[in-house]
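Take a look at this one; I'll ask things after.
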2 protein chains.
Amino acid sequence: MTFPGSRVIDMASKKHRKSRKDRIIEVAERLFAKRGFYGVSLRDITNEAGVDVALVKYHFGNKQGLFDALLQRRADILNRERSEALKRVLERNNPASVEEIINAFTHPILNEIVSEDESWRDYFGLLAQVNNNPEWGGKTMSRYFDPLVQKFIDALRDALPGSDEADIYWCYHFLSGALTLTFADTKRIDALSRGVCRSSDFESVHARMVPFIAEGFKKICRKTEEAKP
Amino acid sequence: MTFPGSRVIDMASKKHRKSRKDRIIEVAERLFAKRGFYGVSLRDITNEAGVDVALVKYHFGNKQGLFDALLQRRADILNRERSEALKRVLERNNPASVEEIINAFTHPILNEIVSEDESWRDYFGLLAQVNNNPEWGGKTMSRYFDPLVQKFIDALRDALPGSDEADIYWCYHFLSGALTLTFADTKRIDALSRGVCRSSDFESVHARMVPFIAEGFKKICRKTEEAKP
DNA sequence: GTCTATAGCTTGATAGAC
DNA sequence: GTCTATCAAGCTATAGAC
């Protein structure tokens, strides 16, 4: 070894200087979030990351492979956090309340989006576009999220005994639309409300969203019995 | 006049054979709905419409001009229908109920989307993508829809006396997210529910959406007083 | 892992004939 | 209004050197 201690230095520098693969995936996430899959070229990404285009092929196969990899990366994290949140809620109280279940689904997003790691905001901006894409959005969202969503549906069914199957699925659909738009941070609400609401005030909107959605679920799925508090 | 009666024939053929300008705008609407602004090239559009690329410049200036023209066209129709629906509701009952106001906002969409004119479905698929675009979605939606949305906000404020300003705007935001995803018809719900719900069953989902949203509004905006039936 | 170099094609835009 | 023809720039993908 010509440079004694170089291994330590390497490990230290590894923490500070990210791999080119990571740089590509991070820049891609930010750009795809802004303009969608078709609105970003590989050169947009690799130029901003300061690497060569050919590296995309080496690390991800092609543009689609890069897109899939970056969706998968945070979907895994989000699914794990949601799964743990649901588990905690059900351990404490089974069946849990509708509010608790909705909160287990949405609160992990709030945690991530208010964290120091600002790149989570990009991810949710991207998810909003994917969720609302009529061509491949449904399939893509299903692929990454539906296995766990099924467990949330099961919990909601237990929380709303005697409810109609279709009612629960449709209500989840309303939740999904409100949720993805909310965390997409499009700034529309800022202009519409002339500054009364700020699109990036995620705590405020989350505090309203959970009871809003929970109340809708109860209204639609509890037709047969009296609404309980 | 060399061809007596040619004017009558022209008028008849005008009804059947659409102008090239109209063909461009119709094809563009369908393709933009599928893949968004960046996912469609002018050649995709003009090839499918059977016209030359140069016509886009002549009729619309450029790609952006074409996109704006096609958004504006149906926004005008939708705004007029919503405005009339709101007027009817308020004439019958002022202040109106939250359900009636929400319905005046959403039912015109239902009418259009179940009509024979299938191209309305494309338009709402496109609107869902615009609404959820973090880069220019907020501005674009505001431009075409917010003036009338303000009137709906006013009506909701009257229907929910003593409510907080921010609450009403945030609830509108949840409505907007649920509404645009619902009529985007992404087919996700079909897979998730294993056929129990069909994404294109617009009457079913609309019948659930209006009370779902209305109940959320009442829950969030009526904190200070008792909820009335 | 990373780069150079390039093939082969598509893009938005437009000048100018008819 | 509509077309032909063309441009300069951009695109994804990949072969092959290091």
Side-chain angles (χ1 to χ4, degrees), chain A residues 3 6-7 9-32 34-71 73 135-136, chain B residues 3 6-7 9-71 73 126 133 135-136 140:
Chain A
F3 291 91
S6 67
R7 198 163 149 266
I9 291 168
D10 276 359
M11 283 174 67
S13 76
K14 233 184 183 175
K15 277 195 171 179
H16 289 270
R17 302 216 294 122
K18 285 169 179 159
S19 72
R20 280 165 159 81
K21 185 178 178 181
D22 284 345
R23 288 224 302 278
I24 291 171
I25 220 168
E26 283 168 14
V27 171
E29 191 169 58
R30 189 168 66 250
L31 297 185
F32 282 141
K34 271 195 208 151
R35 302 163 67 95
F37 181 77
Y38 304 108
V40 181
S41 75
L42 293 182
R43 275 176 174 78
D44 291 338
I45 296 164
T46 53
N47 286 349
E48 193 161 324
V51 304
D52 195 274
V53 234
L55 281 188
V56 173
K57 181 181 168 60
Y58 179 76
H59 285 297
F60 305 101
N62 56 24
K63 189 182 180 181
Q64 186 68 52
L66 168 57
F67 190 76
D68 293 342
L70 118 208
L71 279 184
R73 187 175 65 137
E135 195 183 31
W136 40 261
Chain B
F3 292 92
S6 67
R7 198 164 151 266
I9 291 167
D10 277 359
M11 283 174 68
S13 76
K14 233 184 183 175
K15 277 194 171 177
H16 289 268
R17 301 217 292 125
K18 285 168 179 160
S19 73
R20 278 164 158 83
K21 185 178 177 181
D22 285 346
R23 289 224 302 278
I24 291 172
I25 221 170
E26 283 169 14
V27 171
E29 190 169 57
R30 189 168 67 251
L31 297 185
F32 282 142
K34 272 195 208 151
R35 302 163 68 97
F37 181 77
Y38 304 109
V40 181
S41 74
L42 292 182
R43 276 172 175 83
D44 291 338
I45 296 165
T46 53
N47 286 349
E48 194 160 322
V51 304
D52 194 274
V53 233
L55 280 189
V56 172
K57 181 178 165 64
Y58 179 77
H59 286 296
F60 305 101
N62 56 24
K63 189 183 181 181
Q64 186 68 52
L66 167 57
F67 190 77
D68 292 342
L70 119 208
L71 279 184
R73 189 176 63 139
L126 180 54
N133 178 298
E135 195 183 30
W136 40 261
T140 308

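Chain identifiers are assigned alphabetically (A, B, ...) following the order of the sequence lines, protein sequences preceding nucleic acid strands; residue numbering begins at 1 within each chain.
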Task: Whole angstrom value for the distance that separates C1' of D/dA13 from CD1 of A/Ile45 - done: 14 Å
Open item on the list: Protein within reach of the bases, or only the backbone? For nucleotides 13-18 of chain C, mark each nucleotide 5' to 3' as B, S or -, using heavy atoms under 4.0 Å.
Closed with: BB----
Task: Heavy-atom pair with the smallest gap, counting every atom of A/Tyr38 and A/Glu135 - done: OH-OE1, 3.2 Å
Open item on the list: Under 4.0 Å, heavy atom to any atom of DNA chain C: which of residues 29-41 of chain B qualify?
Closed with: B/Val40, B/Ser41
- [ ] Quickly work out the B/Arg23 CZ to D/dG1 C1' distance and round it to whole Å.
- [x] 13 Å
TODO: State, yes or no, whether a side-chain contact exists between B/Phe67 and B/Leu126 at a heavy-atom distance under 4.5 Å.
DONE: yes
Open item on the list: Let me confirm one number: the NZ-CZ distance from B/Lys18 to B/Arg23, rounded to the nearest 0.5 Å.
Closed with: 10.0 Å
Open item on the list: What is the separation between atom OH on A/Tyr58 and atom P on C/dG1, rounded to the nearest whole Å?
Closed with: 5 Å
Task: Atom-pair distance (NZ on B/Lys21; C1' on D/dC3), nearest Å - done: 18 Å
Task: Sidechain-backbone polar pair: B/Asn133 side chain, B/Trp136 backbone, donor-acceptor under 3.5 Å - done: yes
Task: Residue pair B/Val56 / B/Thr46: nearest heavy atoms and the distance that separates them - done: CG2-CG2, 3.7 Å
- [ ] Would you give the length of the straight line joining atom CZ of B/Arg20 to atom CD1 of B/Ile25, rounded to the nearest 0.5 angstrom?
- [x] 16.0 Å
- [ ] Please answer whether the main-chain N or O of B/Leu55 pairs with a side-chain N or O of B/Asp52 as donor and acceptor at a distance below 3.5 Å.
- [x] no
Task: Any donor-acceptor pair under 3.5 Å from B/Lys34 side chain to B/Gly39 backbone - done: no
Task: Interatomic distance, A/Phe60 CZ vs C/dT2 C1' [rounded to whole Å] - done: 14 Å
- [ ] Measure across B/Leu66 and B/Ala28 and return the closest heavy-atom pair with its distance rounded to 0.1 Å.
- [x] CD2-CB, 3.9 Å
Task: Nucleotide-level pairing of DNA chain C, given in dot-bracket where Watson-Crick and G-U pairs need both distances under 3.5 Å and | marks other strands - done: ||||||||||||||||||
- [ ] Could you check how far NZ of B/Lys18 sits from P of D/dT2, rounded to whole Å?
- [x] 15 Å
Open item on the list: Could you check whether A/Lys21 makes a cation-pi contact with A/Tyr58, meaning its NZ or CZ is under 6.0 Å from the centre of the six-membered ring and within 45° of the ring axis?
Closed with: no
Task: Atom pair distance, as rounded to whole Å: CG in B/Asn47 and P in C/dG12 - done: 11 Å
Open item on the list: To the nearest 0.5 Å, what is the distance between CZ on A/Phe32 and CD1 on A/Ile45?
Closed with: 4.0 Å
Task: Closest to the A/Arg20 side chain, choosing from C/dG1, C/dC3, C/dT11 - done: C/dC3
Task: Separation of atom CG in A/Leu66 from atom P in D/dA13, rounded to whole Å - done: 11 Å
